[in-house]
**Student:** 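Just passing along the structure, written as structure tokens.
Protein chains get the first letters and strands the later ones, always in sequence-line order, with residue 1 at the start of each. Heavy-atom basis, side chains included; hydrogens, waters and symmetry copies ignored.
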Amino acid sequence: MPELPEVETVRRGLAPAMEGAAIETVEVRDRRLRWPIAGDFEKRLRGQTVEGLGRRAKYLLMDLSSGDVLVMHLGMSGSFRIQQPGHSGMRAKRADPESINANRDYGFRARGQQAASRNDERNDKPGHFYHDHGKLAAHDHVVFGLSNGATVIFNDPRRFGSMKIVPRARLDDEPLLRGIGPEPLGNAFDAALLAKACAGKATSLKAALLDQRVVAGLGNIYVCEALFRARLSPKRRASTIATRGGEPTGKARALADAIKAVLNDAIKAGGSSLRDHRRADGSLGDFQHNFLVYDREGRPCPGGCKGTVRRFTQNGRSTFWCPSCQK
DNA sequence: CGGCATACCTGCAAGC
DNA sequence: TGCTTGCAGGTATGCC
């Protein structure tokens, strides 16, 4: 699912619910993510206050009062949702967006109702919120119960996502993050930096932009979209947008501008919802309606050039483009 | 080292 | 209807 705009949307959705709250309970229901969740995971999180929620490339970084950072990746199918006290965790069907909040129940357990898990028992008394573990769905792998009553749930059908705890002081040495290129929405990113990263690269522009060492956070959708906006061919050698010294050409400027614009537009729309990506509050992102070429094979070129959007496989993944105006 | 294929995993749609 | 096939938003790993 998620590229930079979707991860940023998730971050913005989770931050208000998590920052300043303590993690009271951690339930790992399936440790088999991309790598097994470490054995001390729960112990290192329990009791910690969430000091901040950041993002680097497609990673979410949860800063904890212990000095640890929880480094999380959504893989292809990961998502978070928040259950607030007083709301059920039922998710609306896509065809029925109005029902998102329709299925309420009480955040206080009715008398005689069984606690759903041992984690609930400590809060299972009148006047205390319980963490609503009773509404968990398939592929809900990690459940955080917060001191403010909210429950934050990580769901990931394909289990390509990951969670790893790293001491903040060693974040710079973390292999998952080390070597990642510039943040495309950061101040440092510009045509010169992009040109330098592409200089000398024999591979295609498409492959170069997918390489997280060149630019952070782009994936298949936004690479296709940025290349279209810049009218550059995905097949072009990456080195051809820089001069020999790594100096930017006009093409590098166009591409850097296109990358920033498409990411900003997508974040503004709350990301793209292809299969079931949602914001953490359950609402859908809208940007998929603004795709110009991605998943639009056979349609007329949206640039009005009389060409047709085509699709071909490049490095094992679908590329969508307009061969008549992307050069 | 750079560039490329492969592997990991589930769900869904299309085709037979 | 039910089966098979291919494809999906990512990235670490291993091979040349």
**Student:** What is the distance from CZ of Phe291(A) to C1' of dA8(C), rounded to the nearest Å?
**Tutor:** 13 Å
**Student:** Gln314(A) has an atom CD; how far is it from atom P of dC7(C), in whole Å?
**Tutor:**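 After rounding, the gap between these two atoms is 15 Å.
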**Student:** Is any side-chain N or O of His73(A) closer than 4.0 Å to OP1 or OP2 of dG10(C)?
**Tutor:**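 So the side chain of His73(A) is outside the cut-off, no N or O lying under 4.0 Å from OP1 or OP2 of dG10(C).
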**Student:** Would you kindly say whether Gln48(A) and Ser65(A) are connected by a side-chain donor-acceptor distance under 3.5 Å?
**Tutor:** yes
**Student:** Look through every strand shown and name the nucleotide pairing with dA14(B) as Watson-Crick or G-U wobble, where both distances are under 3.5 Å.
**Tutor:** dT4(C)
**Student:** Mapping Ala138(A) and Arg34(A) onto DNA chain B by nearest heavy atom, which one lands closer to the 5' end?
**Tutor:** Arg34(A)
**Student:** Indicate whether OP1 or OP2 belonging to dG10(C) is found under 4.0 Å from a side-chain N or O atom of Arg317(A).
**Tutor:**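 Answer yes for this pair, as a side-chain N or O of Arg317(A) is under 4.0 Å from OP1 or OP2.
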**Student:** Among the nucleotides dT10(B), dA12(C), dT11(C), which one has an atom lying closest to any side-chain atom of Arg159(A)?
**Tutor:** dT10(B)
**Student:** Checking contacts here: which listed nucleotide (dC4(B), dC9(B), dG2(B)) is nearest the side-chain heavy atoms of Thr203(A)?
**Tutor:** dC4(B)
**Student:** Measuring only the C1' atom in each nucleotide, how far is dG9(C) from dG3(B)? A whole number of Å is fine.
**Tutor:** 23 Å
**Student:** Thinking salt bridges, do Glu174(A) and Arg170(A) make one under a 4.0 Å N-O criterion?
**Tutor:** no
**Student:** Looking at the side chain of Tyr59(A), which of dG9(C), dC8(B), dA12(C) is the nearest nucleotide?
**Tutor:**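 That would be dA12(C).
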**Student:** Using a 4.0 Å heavy-atom cut-off, does Ala202(A) contact any base of the nucleic acid, only the sugar-phosphate backbone, or nothing at all?
**Tutor:** sugar-phosphate
**Student:** Would you call Glu247(A) and Lys196(A) a salt bridge, using N to O less than 4.0 angstrom?
**Tutor:** no
**Student:** Using a heavy-atom cut-off of 4.0 Å across all strands, would you classify Gly219(A) as base, sugar-phosphate, or nothing?
**Tutor:** sugar-phosphate
**Student:** Hey, does Arg32(A) reach any base, or is it just sugar-phosphate, or nothing, if we go heavy atoms under 4.0 Å?
**Tutor:** nothing
**Student:** Just to confirm, is there a sub-4.0 Å distance from OP1 or OP2 of dC7(C) to any side-chain nitrogen or oxygen of Ser318(A)?
**Tutor:** no
**Student:** Would you classify Leu210(A) as touching base, sugar-phosphate or nothing, given that sugar-phosphate means primed atoms plus P, OP1 and OP2, and contacts are heavy atoms under 4.0 Å?
**Tutor:** nothing
**Student:** Are dC9(B) and Phe160(A) stacked, with the base six-membered ring and the side-chain ring centres under 5.5 Å apart and planes under 30°?
**Tutor:**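 Whether judged by distance or by angle, Phe160(A) falls short somewhere, so it does not stack on the base of dC9(B).
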**Student:** Provide, to the nearest angstrom, the distance between the CG atom belonging to Leu33(A) and the P atom belonging to dC8(B).
**Tutor:**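 Whole-Å distance recorded here is 17 Å.
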**Student:** If you measure from the Lys or Arg side-chain nitrogens to the Asp or Glu carboxylate oxygens, is any gap between Glu6(A) and Lys58(A) under 4.0 Å?
**Tutor:** no
**Student:** From the options dT10(B), dG9(C), dG10(C), select the nucleotide whose nearest atom is closest to the side chain of Tyr294(A).
**Tutor:**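 Shortest atom-to-atom distance from the side chain points to dG9(C).
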**Student:** Taking only the P atom of each, what is the distance from dC9(B) to dC3(C) in whole angstrom?
**Tutor:**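 Pairwise P distance, dC9(B) against dC3(C), rounds to 24 Å.
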**Student:** Cationic tip of Lys268(A) within the cone over Phe287(A)'s six-membered ring, i.e. under 6.0 Å and within 45° of the normal?
**Tutor:** no
**Student:** Would you say the side chains of Thr151(A) and Gln83(A) form a donor-acceptor pair under 3.5 Å?
**Tutor:** no
**Student:** Atom NZ of Lys164(A) to atom P of dT11(C): distance rounded to whole Å?
**Tutor:**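 Value for this atom pair: 15 Å.
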**Student:** Output the rounded distance in Å from CG (Leu274(A)) to P (dG11(B)).
**Tutor:** 18 Å
**Student:** Rounded to whole Å, how long is the line connecting atom OH of Tyr222(A) with atom P of dG10(C)?
**Tutor:**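 Those two atoms, OH and P, are 10 Å apart.
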**Student:** Can you identify which nucleotide, out of dG10(C), dG3(B), dT10(B), has its nearest atom closest to the Arg158(A) side chain?
**Tutor:** dT10(B)
**Student:** Does Gln212(A) place a side-chain N or O at less than 4.0 Å from the phosphate oxygens OP1/OP2 of dT11(C)?
**Tutor:**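 Answer is yes, contact under 4.0 Å.
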**Student:** Check this for me: does any side-chain nitrogen of one of Arg81(A) and Asp140(A) sit under 4.0 Å from a carboxylate oxygen of the other?
**Tutor:**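 Counted as a salt bridge, because a side-chain N and a carboxylate O are separated by less than 4.0 Å.
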**Student:** Which listed nucleotide (dG3(B), dC7(C), dG9(C)) is nearest to the side chain of Arg311(A)?
**Tutor:**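 Within the option list, the nearest is dC7(C).
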**Student:** Between His139(A) and dG11(B), is there a contact of a side-chain N or O with OP1 or OP2 at under 4.0 Å?
**Tutor:** yes
**Student:** Choosing from dG3(B), dG2(B), dA12(C), which nucleotide comes nearest the side chain of Trp35(A)?
**Tutor:**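 Looking only at heavy atoms from C-beta outward on Trp35(A), the closest nucleotide is dA12(C).
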**Student:** Specify the separation, in whole Å, of atom CG of Asp211(A) and atom P of dA5(B).
**Tutor:** 15 Å
**Student:** For a quick test of reading the model: is some side-chain N or O of Lys201(A) closer than 4.0 Å to OP1 or OP2 of dG2(B)?
**Tutor:** no
